[in-house]
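Take a look at the structure below.
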Amino acid sequence: ADGVSKEINGLDLEHAHAREEARKLGYDSNHFDTVVLRLSGGPRSDVGGWGGGTSVWTYGASPSVAAHEIGHCFGLLHANFWDTGGASAIGPGGNQEYGDVFDIMGGGQGSIMGHHNAQAKSQIKWLPGEVVQTVTTSGTYRIYAFDQSLIDATRRYALKIAKDVQRTYWGEVRTQFDAVNKWA
């Protein structure tokens with residue numbers, strides 16, 4: 001009745017306690033860009049994790065969930081899929097959140113082989129602008145698989161095509177892998 005909210009944000013409280021315990025062990029959280037906290041139970045424990053700003057909460061030991069949530073700290077959104085019901089690649093349809101099954105920010109969270117897509121890697125400067133081919137005219141362009149450990153500055157690893165002021169399309173190629181046979 002006094003106009004002051006008595007609500008407690010459990011996630012913030014957990015992170016504050018964890019940062020204090022880390023400080024006691026000699027780790028100052030101010031020296032890190034992001035702090036990842038692994039929990040067992042508690043607020044929002046029905047999800048794999050939660051992330052944004054400088055804080056990540058995970059509810060298990062999954063590296064792919066941690067990578068997804070840290071992606072939010074980099075400013076990445078979920079990797080979606082434009083579902084046209086199989087009618088076309090670009091026609092009328094609907095946005096499916098988490099629909100990109102090949103992206104760690106989409107439905108690819110269950111795979112340790114998941115990567116961010118080319119646009120996301122470009123956004124967070126993991127795929128430098130000089131290796132992205134901006135397409136402004138019709139032509140033949142060659143790109144190489146971008147999801148590898150070393151990048152050759154003389155090659156191009158993604159296509160960036162501006163459709164209009166609101167939409168940019170990205171073309172990418174990934175290395176061939178077989179999720180069942182990790183040696184392929």
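FYI, side chains are in, hydrogens and waters are out, and symmetry mates aren't considered; it's all heavy atoms of this structure.
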Determine whether a donor-acceptor pair (N or O, by modelled atom type, separation under 3.5 Å) exists between the side chain of [X] and the backbone of [Y].
X      : Y      : result
Tyr157 : Asp152 : yes
Asp103 : Asn117 : yes
Asp100 : Phe81  : no

Taking the side chain as every heavy atom from C-beta outward, state whether [X] and [Y] have any pair of such atoms under 4.5 Å apart.
X      : Y      : answer
Thr84  : Pro92  : no
Ile124 : Leu76  : yes
Lys160 : Gln133 : no
Phe146 : Val173 : no
Asn80  : Gln96  : no
His78  : His68  : yes
Trp57  : Leu37  : yes
Leu77  : Met105 : no

- Message: Tell me whether Glu21 is salt-bridged to Arg23, with the criterion being a basic N under 4.0 Å from an acidic carboxylate O.
- Response: no
Report yes or no: do [X] and [Y] belong to one cluster of Ile/Leu/Val/Met/Phe/Trp/Tyr joined by side chain heavy-atom distances under 4.5 Å?
X      : Y      : value
Tyr144 : Val132 : yes
Phe74  : Val56  : yes
Tyr141 : Ile161 : yes

Is [X] atom [atom1] crowded by more than 12 heavy atoms from other residues, nucleotides or ligands, each under 6.0 Å away?
X      : atom1 : answer
Asn95  : CG    : yes
Tyr27  : OH    : no
Leu150 : CG    : no

- Message: We want to know whether Arg156 and Thr134 form a side-chain donor-acceptor pair, criterion being a heavy-atom distance below 3.5 angstrom.
- Response: no
- Just say parallel, tilted or perpendicular for the rings of Trp126 and His116, cut-offs at 30° and 60°. tilted
- Query: So, for Ile104 and Ser64, which heavy atoms are closest and what is the spacing to 0.1 Å?
  - Reply: CD1-CB, 3.5 Å
- Between His72, Glu14, Arg19, which is the residue that forms a side-chain hydrogen bond (donor to acceptor under 3.5 Å, both in side chains) with Ser55? Arg19
